[in-house]
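Okay, structure first, notes after.
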Amino acid sequence: MAAARWRSAALLSSIVGAAASAYLLVEYVTGQPGLCLTGSGCDVVRASDFAYPLGVPLPLIGLLFYLAAIWLTLAAPGARPFAGIQAEIALLGLAVAGAIASLVLTGLEAFVIRAFCSWCLVQAAASFALLASVVMVVRTKEDPPAAHSSRTRQQAARARDQERASLLRIGWAGGGVATLAVAALLALGASSGTPTVSPGPSGLAGADSPRLGSGAVEVVEFADFQCPGCASLAPILAQLASANEMTLVSRYFPLDANHANADRSARAAAAAHEQSSFWEMSDALYARQGSWQNLSGTDADAFFMTLAGELGLDTEEWRAAYASAEIAAVVDVDRQAASALGLNSTPTLFIGGTHYTGPLSMDGIRAAIAAATP
């Protein structure tokens with residue numbers, strides 16, 4: 001029966017969507033490093049304001065949606081689980097709602113967040129596949145036979161039982177494969193060291209954030225290269241890190257509303273980091289802050305490229321990185337992390353995981369480091 005084949009397709013689509021939702025939910029709840037097929041897009045999306053509607057992790061809503069779709073798909077053909085509404089019609093309504101939600105969320109990623117989460121895209125694809133399958137189920141579903149003989153009723157019941165048994169076998173097999181796939185992805189993510197964004201102190205520094213020094217205490221700075229205060233603080237932090245009194249971790253927090261070239265300068269440093277020259281670019285940006293802070297967009301681009309050349313970088317490689325979506329996403333990850341932490345100014349320091357609010361002086365920071373030393 002054609003309807004049975006399409007019902008199987010709907011079930012498999014729901015299992016795929018549930019697996020992607022479960023994988024994302026583990027990442028959201030535990031901060032487990034994950035694999036993202038769109039660069040830093042997954043981290044950017046997770047750190048956005050849309051990731052926790054009403055405080056609920058969005059993947060939890062997705063998981064509940066796909067579990068409901070699985071339940072309705074496995075319902076006996078023609079069953080009426082909701083106030084006389086056939087399971088197929090209830091499933092169609094659910095699938096339409098899911099497809100609309102996926103379309104809206106994908107639009108937010110494209111035009112508002114400007115980053116794509118690969119597993120969110122898998123969820124969206126699963127929702128559209130579910131809708132297409134359910135539409136075909138409804139279209140190809142055969143009407144029950146008009147005859148009312150005992151033999152006809154028995155044959156119809158036997159056919160429904162066989163179809164449901166087949167769906168259950170597919171469900172168990174698909175669920176088992178999906179569970180193994182999710183477990184494998186989590187294991188790979190845990191071993192890959194992929195940086196994640198977490199609003200808690202344990203997630204203050206990503207694995208790929210620029211680091212300087214090897215001190216026992218980690219000092220995380222959220223900085224804006226166009227911020228005069230950051231420029232004044234930079235030599236103090238560099239001196240403490242170079243003396244291995246601390247490990248300095250730098251994160252980008254461009255205050256775009258206040259500084260016209262904040263984002264460009266952050267991308268300039270992030271592109272230099274691709275060639276292991278973050279700290280050289282950071283020093284140059286601060287030292288020559290007055291030369292570029294009031295430049296127009298294209299003039300600032302040209303200035304930063306000249307600066308990259310002066311530092312001995314491969315300028316073509318630097319320019320490609322500077323203009324890339326990947327580098328923009330790296331900066332956005334840090335920007336969203338700062339927002340998640342409730343930060344609104346630079347420089348902001350976390351010393352040993354604690355927000356530092358003392359004087360931004362050598363003595364003040366050194367005392368805080370000593371207090372945080374294990």
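One is the number of the first residue; the rest follow in order along the sequence.
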Applying a strict under-4.5 Å side-chain criterion to I, L, V, M, F, W and Y, I'd like to know whether [X] and [Y] cluster together.
{"X": "Phe128", "Y": "Leu108", "answer": "no"}
{"X": "Met362", "Y": "Leu349", "answer": "yes"}
{"X": "Ile327", "Y": "Phe278", "answer": "no"}
{"X": "Val96", "Y": "Leu103", "answer": "no"}
{"X": "Leu180", "Y": "Val26", "answer": "no"}

Rounded to the nearest 0.5 Å, what separation is found between the [atom1] atom of [X] and the [atom2] atom of [Y]?
{"X": "Leu285", "Y": "Glu280", "atom1": "CG", "atom2": "CD", "value": "11.5 Å"}
{"X": "Asp334", "Y": "Leu343", "atom1": "CG", "atom2": "CG", "value": "11.0 Å"}
{"X": "Leu67", "Y": "Leu72", "atom1": "CG", "atom2": "CG", "value": "11.0 Å"}
{"X": "Glu245", "Y": "Arg366", "atom1": "CD", "atom2": "CZ", "value": "4.0 Å"}
{"X": "Leu167", "Y": "Gln162", "atom1": "CG", "atom2": "CD", "value": "12.0 Å"}
{"X": "Trp119", "Y": "Ser21", "atom1": "CH2", "atom2": "OG", "value": "11.5 Å"}

What I'd like to find out is whether the side chain of [X] reaches to under 4.5 Å of the side chain of [Y], using heavy atoms alone.
{"X": "Leu24", "Y": "Cys117", "answer": "yes"}
{"X": "Thr140", "Y": "Arg5", "answer": "no"}
{"X": "Leu237", "Y": "Ile365", "answer": "yes"}
{"X": "Pro53", "Y": "Leu58", "answer": "yes"}
{"X": "Glu88", "Y": "Leu91", "answer": "no"}
{"X": "Thr346", "Y": "Cys227", "answer": "yes"}
{"X": "Ile61", "Y": "Val56", "answer": "yes"}
{"X": "Thr348", "Y": "Phe253", "answer": "no"}

Open item on the list: Treating Ser127 as the side-chain partner and Ala124 as the backbone partner, does any N or O pair qualify as donor plus acceptor under 3.5 Å?
Closed with: yes

Task: Any donor-acceptor N/O pair, Trp318 side chain to Ala268 backbone, under 3.5 Å - done: yes

So which heavy atom on [X] is nearest to which on [Y], and how close?
{"X": "Ala300", "Y": "Arg264", "answer": "CB-CD, 4.0 Å"}
{"X": "Gly353", "Y": "Leu204", "answer": "CA-CD1, 3.8 Å"}
{"X": "Met281", "Y": "Phe304", "answer": "CE-O, 4.3 Å"}

Open item on the list: Both conditions, 6.0 Å and 45 degrees, for the charged tip of Arg267 above the ring of Tyr322: are they met here?
Closed with: yes

Open item on the list: Under a plain distance cut-off of 3.5 Å, with no hydrogens placed, do Gln123 and Ser102 share a side-chain donor-acceptor pair?
Closed with: no

Task: Of all pairs that satisfy ring-ring contact (aromatic ring centres under 6.0 Å, His included), the ones with a partner from residues 355-374, not counting sequence neighbours - done: Phe350-His355

Task: Parallel, tilted or perpendicular: ring planes of Tyr286 versus Phe225, cut at 30 and 60 degrees - done: tilted

